[in-house]
Amino acid sequence: MFRKKENMLINHIFPKKKSKLTNQNSDTGKEAIYNRICRAFQEDHTLPADFKLEEINTEEKIRFAPGALEGIFGHHTSGNSGNNEELYDFLVKRVNQLPKLVINELEKSGLLSNEMVISDGIIKQIYDNKEGIPADSLLNLACFFITDGTEEYTVKLGLKLLCLFNIDNNTELKKILLDLAVWEGFTEYVILNMSDWTDKNNAYFQLAKRLNGWGKIDAVERLEPETEEMKEWILCEGCRNSIMYSYLALTCAEKCDLYHVLKTRKLNEREFSGTKDIIEGLLDEGPCDGISVIENANELLFMFVIQYEEIRLNIEDITLLDSILDYVNTFDGEDKIWIKKVEESIDRYFSQTDFKLYILNSLQEKKQWYAINVARKHNIDIAAEYLEQLKNNFEANVNYISYLFEVNQYVEEAVKVCEDNLVYEKVAKGMGKLLGLGKAEHWNVEIVVQNLGNYPSLGELLIKASIHSPITRYRNMAAMALEGWKQKLNQPLCNISNELYHDIVEVSAIEVDEQLKERWKLLLQ
């Protein structure tokens, strides 16, 4: 029913020469989201990396990146198909009213929020009751939600409702949807509308090239590599995203026929970079299938490894080759020929590698994660050099301080550096159940405190700051450290640190977390 009148209706709502929209909610003064997105476009029709639809609320709560909720539902759950009776009743009662008035009322109603997935159930309810709902009015309302909505959920609802109609012949409306899809919170909703577009594959391709997060994942998964250009792009750029490479690695390996590519040609620099992304994602099988489901996986890895023959390794290459060795060393299949070839090739590269030089250069280049992981893997002692980096550039290095506790070197000196960089007044004070999310006024003290349990009386000022923090994680780390002190010295806390004992007496009287109440009680015994 909803598909019969759509061409006439949409052409009426979006006339061919419609001027650029400047819609604004007269009650709130907020500009339509579609306009905000279009105004923010860069020359390549992408959005700036720091683009936000809204200023971030300072209220502490878990937040999701654009498209994350939809991505999580799509990849880790069976979907969201529940009904929403209130929303259904709202729409049915107002379908014939002026869309601007409906938008104003919806955005004041509290029925939806920007941090929820618009349920498939609302579409099913409308379709099941389509005989009593005027198609032209519903389509009109959906289009106004899309172009005039000033909240994310208004636009999402419009896009969901539009799925009931075939818009393949309306070029202007399709362009509006493609523009909206560049904000990755809308990508999946737009892609749902593309199912019956005759040019949908090219639309997926154009979107995939403009996106980097959950939206790119969704677009690449649906893209069919119909041309050599598409295959080459999937090889070189398809896997790279800001979420996890593992989400797209297997998809890209299959769609670009990575096995055939590696077997038949020497990769150029761009192709090799893209292949490294794919291999990295295949080896990380946490959220998705990867290397373990690939036929001839060990041969594939060997063909990849020999691409390094004429390439000078960097710290990222060493890390990737280490991951390949970890994988083949755990392989329990019958065919070990390719494993031996992989190991021989990597051993030959590594025999010519000055690991410590690479590691120290990486510390200088602020690639601490790579440097420390390679140092751990190859038993290279960089404790003295890392401590020096900690002194010279504290905030860039403090997140990796656990390394010094692991090797048990320079711990006292490192904790002293941390205390010298503690601005006690800037560490949040007061009781609370904060998660400690977002940008803080101070470096994260609990990174050090969590390692102090084996070092009685060391870092007392850091523990004191954590005890009095409204961030529950900080207080838990302080309790853990002091529990370690008591156990190690087999003494009551009041004998180890009378000051911290009295701090706990003070905080335990106002503690709001039940588990911490018990921990404080035991520490005071």
Side-chain angles (χ1 to χ4, degrees), residues 37 40 42 44 46-54 56 61-80 114-118 152 156 159 178 180-192 194 203-223 225 230 233-256 258 273-294 316 319-320 323 367 369-370 373 399 435 437-439:
I37 289 173
Q42 302 176 113
D44 61 355
T46 62
L47 289 170
D50 60 352
F51 175 76
K52 299 180 181 66
L53 282 182
E54 300 284 351
I56 298 298
K61 58 183 176 180
I62 296 174
R63 307 181 200 285
F64 292 90
L69 279 172
E70 290 76 16
I72 291 166
F73 269 110
H75 288 85
H76 300 297
T77 76
S78 59
N80 177 13
N114 288 338
E115 296 179 350
M116 64 187 294
V117 178
I118 304 296
E152 286 182 59
K156 288 179 178 179
L159 291 168
L178 287 172
L180 282 170
V182 181
W183 172 251
E184 300 200 52
F186 297 144
T187 310
E188 182 170 327
Y189 295 89
V190 171
I191 283 177
L192 288 172
M194 293 180 181
Y204 297 148
F205 188 39
Q206 298 311 313
L207 274 183
K209 291 190 290 185
R210 293 162 67 184
L211 300 171
N212 191 43
W214 286 106
K216 179 176 182 177
I217 291 169
D218 205 11
V220 172
E221 285 178 340
R222 294 170 187 261
L223 176 63
M230 289 178 180
W233 180 87
I234 291 170
L235 172 66
C236 299
E237 310 287 344
C239 188
R240 191 170 301 126
N241 68 83
S242 61
I243 310 302
M244 290 182 74
Y245 288 5
S246 53
Y247 279 115
L248 284 175
L250 185 59
T251 296
C252 290
E254 292 172 344
K255 290 188 176 185
C256 73
L258 183 61
S273 176
T275 302
K276 286 194 289 185
D277 295 339
I278 295 172
I279 297 296
E280 179 184 329
L282 288 173
L283 293 168
D284 175 18
E285 295 192 283
C288 306
D289 287 336
I291 193 74
S292 62
V293 302
I294 290 185
E316 292 91 342
T319 302
L320 182 54
S323 296
K367 296 180 180 179
W369 184 88
Y370 288 102
N373 276 283
N399 288 348
L435 299 174
L437 303 174
K439 183 173 174 57

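Sequential numbering from 1 along the given sequence is applied to the chain's residues.
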(request) Run the numbers on E221 and Y247 for side-chain contact (heavy atoms from CB on, under 4.5 Å), then give the verdict. (result) CA-CA 9 Å; E221 285 178 340; Y247 279 115; 5.6 Å; no
(message) Could you check whether any side-chain heavy atom of R240 comes within less than 4.5 Å of a side-chain heavy atom of S273, counting everything from C-beta outward?
(response) yes
(request) Kindly compute the distance separating OG1 (T187) from OH (Y204), expressed to the nearest 0.5 Å. (result) 12.5 Å
(request) Test I191 against M194 for side-chain contact (heavy atoms from CB on, under 4.5 Å), laying out the working first. (result) CA-CA 5 Å; I191 283 177; M194 293 180 181; 4.3 Å; yes
(request) State, to 0.1 Å, how close C252 and I278 come at their nearest heavy-atom pair, and which atoms those are. (result) CB-CD1, 4.0 Å
(request) Give a yes or no on whether a salt bridge exists between E184 and K216, defined as a side-chain N under 4.0 angstrom from a carboxylate O. (result) no
(request) Taking K255 for its side chain and G238 for its backbone only, find out whether a donor-acceptor pair lies under 3.5 Å. (result) no
(request) Please report the shortest heavy-atom distance between A249 and L282, naming the atom on each side. (result) CB-N, 3.4 Å
(request) Would you give the length of the straight line joining atom CG of L207 to atom CZ of R222, rounded to the nearest 0.5 angstrom? (result) 11.0 Å
(request) Kindly give the heavy-atom pair with the smallest separation between G213 and S242, and that separation in Å. (result) CA-OG, 3.5 Å
(request) I would like to know whether F205 and I234 meet side-chain contact (heavy atoms from CB on, under 4.5 Å); could you show each step before the answer? (result) CA-CA 10 Å; F205 188 39; I234 291 170; over 6 Å; no
(request) First locate atom CG of N241, then atom CH2 of W214, and finally report the distance between them rounded to the nearest 0.5 Å. (result) 8.5 Å
(request) Please name the pair of heavy atoms, one in C288 and one in S246, separated by the smallest distance, quoted to 0.1 Å. (result) CB-O, 3.7 Å
(request) Apply side-chain contact (heavy atoms from CB on, under 4.5 Å) to I291 and I279, showing your working. (result) CA-CA 8 Å; I291 193 74; I279 297 296; 5.7 Å; no
(request) For side-chain hydrogen bond (donor to acceptor under 3.5 Å, both in side chains), just list the numbers for S292 and E285, CA-CA rounded to whole Å, side-chain angles, deciding distance to a tenth of an Å, and then say yes or no. (result) CA-CA 8 Å; S292 62; E285 295 192 283; 2.7 Å; yes
(message) Looking at every non-hydrogen atom in both residues, tell me the closest pair between W183 and L53 and how far apart they are.
(response) NE1-CD1, 3.2 Å
(request) Hey, could you give me the CD/CG distance between E188 and L159, rounded to the nearest 0.5 Å? (result) 11.5 Å
(request) To the nearest 0.5 Å, tell me how far D277 CG sits from C239 SG. (result) 5.5 Å
(message) Checking the side chain of T46 only, and the main-chain atoms of Q42 only, is there a donor and an acceptor separated by less than 3.5 Å?
(response) no
(request) Kindly give the heavy-atom pair with the smallest separation between L211 and A181, and that separation in Å. (result) CD2-O, 3.6 Å
(request) Measure the shortest side-chain to side-chain distance between L235 and L258 over non-hydrogen atoms and say whether it is less than 4.5 angstrom. (result) yes
(request) Applying side-chain contact (heavy atoms from CB on, under 4.5 Å), name anything that partners E280, two or more places apart in sequence or on another chain. (result) Y245, L320
(message) Return the CG to OH distance between L180 and Y189, rounded to the nearest 0.5 Å.
(response) 13.0 Å
(message) List the residues meeting salt bridge (charged side-chain N to carboxylate O under 4.0 Å, His left out) with K276, not counting sequence neighbours, and say none if there are none.
(response) D317
